[in-house]
Amino acid sequence: MTRYTRNELEISRLIGGRIEGLKEYAPEPLEETAKRLGLPQGQLIKLDANENPYGPTRHTLEALARYASYHRYPDPISRRLRQAIGEYLHIDPAFILVGNGSDELIDLILRLFHPDSQGRGISEVIDCPPTFGMYAFYGTTNDMRVLSLPRDEQFQIDVKAIETLCQRDPRPRILFLASPNNPDGQPLPEEILERILRLPLIVVLDEAYVEFSGGSRANWVPERENLIVLRTFSKWAGLAGLRVGYGIFPQKLIKALWKLKSPYNVNGVAQAAALATLEDLANAQATVEKIVDERERLLVKLREISYLQVYPSAANFVLCRVRGISIQHLRNAMEARGILLRYFDRPELKDCVRITVGTPMQDEAVLVVLRALEKEAK
Ligand SMILES: Cc1ncc(COP(=O)(O)O)c(C=O)c1O
């Protein structure tokens, strides 16, 4: 056995190689953006992260104001919240596990299947980009091989390629699919999901935006051994800052996940806020309806702009491809007015901009800038 003295220990060489290619996730803080743009922070129109512009319901805010258990550890198994989610989805709470945002659950699922020292487990993840970046990120941080099977130009997944891969080499893998998908906003057709579920795959269906589209498959889980559905309170419920997500898991998996998760992964304030949202469901859903109506209005108005190719969306954002003016020019024009949108550096999303559906006033500000640029488009 090698013995090291302290001086010989090269700490940086002890860190796993998988970290080397990663970048820190550190978006510019809003104060910094405001400073960079020379605008007061309150003047920024933040439509870059698919957040809910209305925030939580009044009942939820009141529940937060009344919260009095800061000095107590939270319920590690979120009993009351899981009960309420079960009623919301008409699913037995025994299938539900709550996490610190659905991000935590993506990581937890991968940790669950990560191969052990005898090689038992799953070593490959299938990612279908362009999609939510955290699937590939957590695949990498968990030392799994991430196989990339890209979508076509209309953002449809390549089912044939997935089937061929599974036929050629039928080792079990984990496949992540978002429905509606981020960044394009299109849902996964039911027949495609049926086909995929027949393969030797653990399918993680991420329904972060499903409240804006309808058509959840959460209630398929009790009937399928290889389907996991992820949901979140970040988008429809306006609780992105509190980090509450949940998963609906087959029984064989959830029993193992309970053992693996950190004891107090969901803090007490977050549990109280999510619970209050479900107690006030009619008002929370009224906000969702407002956003859906506004999305439809925005889609119509965006389609009137000649240099935009507007993709259909069933989520709370719209993806557009910009043709005839440079995306940097569009970005500069937006930022000059304090409007923050999401731009991409992936080649498949070159010249694309994703606009979160805001309030009618915020969206009107976006449309004013887009229309003003119309004269410059070639
Ligand atoms: C498809 C998708 N899944 C999950 C998340 C993250 O959800 P949470 O805030 O619950 O971690 C996002 C956030 O942008 C997303 O786009």
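Just follow the structure's listing: the first ligand is 1, and inside any ligand the first atom is 1. Not measured: the values here are computed from a predicted model.
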#### Entry: N50, any N or O under 3.5 Å of ligand 1 N or O
no
Problem set entry | Ring-ring centroid check Y311 F155, cutoff 6.0 Å | yes
Is ligand 1 under 4.0 Å from a heavy atom in the side chain of [X], in the backbone, in both, or in neither?
X: D103; answer: both
X: K235; answer: side chain
X: F233; answer: neither

Atoms of ligand 1, numbered as shown, that sit under 4.0 Å from any heavy atom of [X]:
X: R243; result: 8 (P), 9 (O), 11 (O)
X: A208; result: 2 (C), 3 (N), 4 (C)
X: D206; result: 1 (C), 2 (C), 3 (N), 4 (C)

Self-check item: Y246 six-ring centre to R231 NZ/CZ under 6.0 Å and within 45° of normal
Solution: no
Practice task
Please determine if K235 forms a cation-pi arrangement with F212, meaning its NZ or CZ atom is less than 6.0 Å from the six-membered ring centre and no more than 45° off the ring axis.
Solution key: no
min-distance protein heavy atom vs atom 9 (O) of ligand 1 -> S234 OG, 2.6 Å
Looking only at protein heavy atoms, what sits closest to atom 7 (O) of ligand 1 is S102 OG, 3.1 Å
Nearest non-hydrogen contact to atom 12 (C) of ligand 1 from the set Y135, F132, F176 belongs to F132
Can a salt bridge be assigned to the pair E153 and R321 using a cut-off of 4.0 Å between side-chain N and carboxylate O?
no
Should the pair E194-R224 be classified as a salt bridge under the 4.0 Å nitrogen-to-oxygen rule? yes
Checklist entry - Can you check ring-ring contact (aromatic ring centres under 6.0 Å, His included) on Y138 and Y135, steps first, answer last? => result CA-CA 6 Å; Y138 282 125; Y135 314 138; 9.3 Å; no
* **ligand 1 contacted by E104 (non-hydrogen, < 4.0 Å)** => no
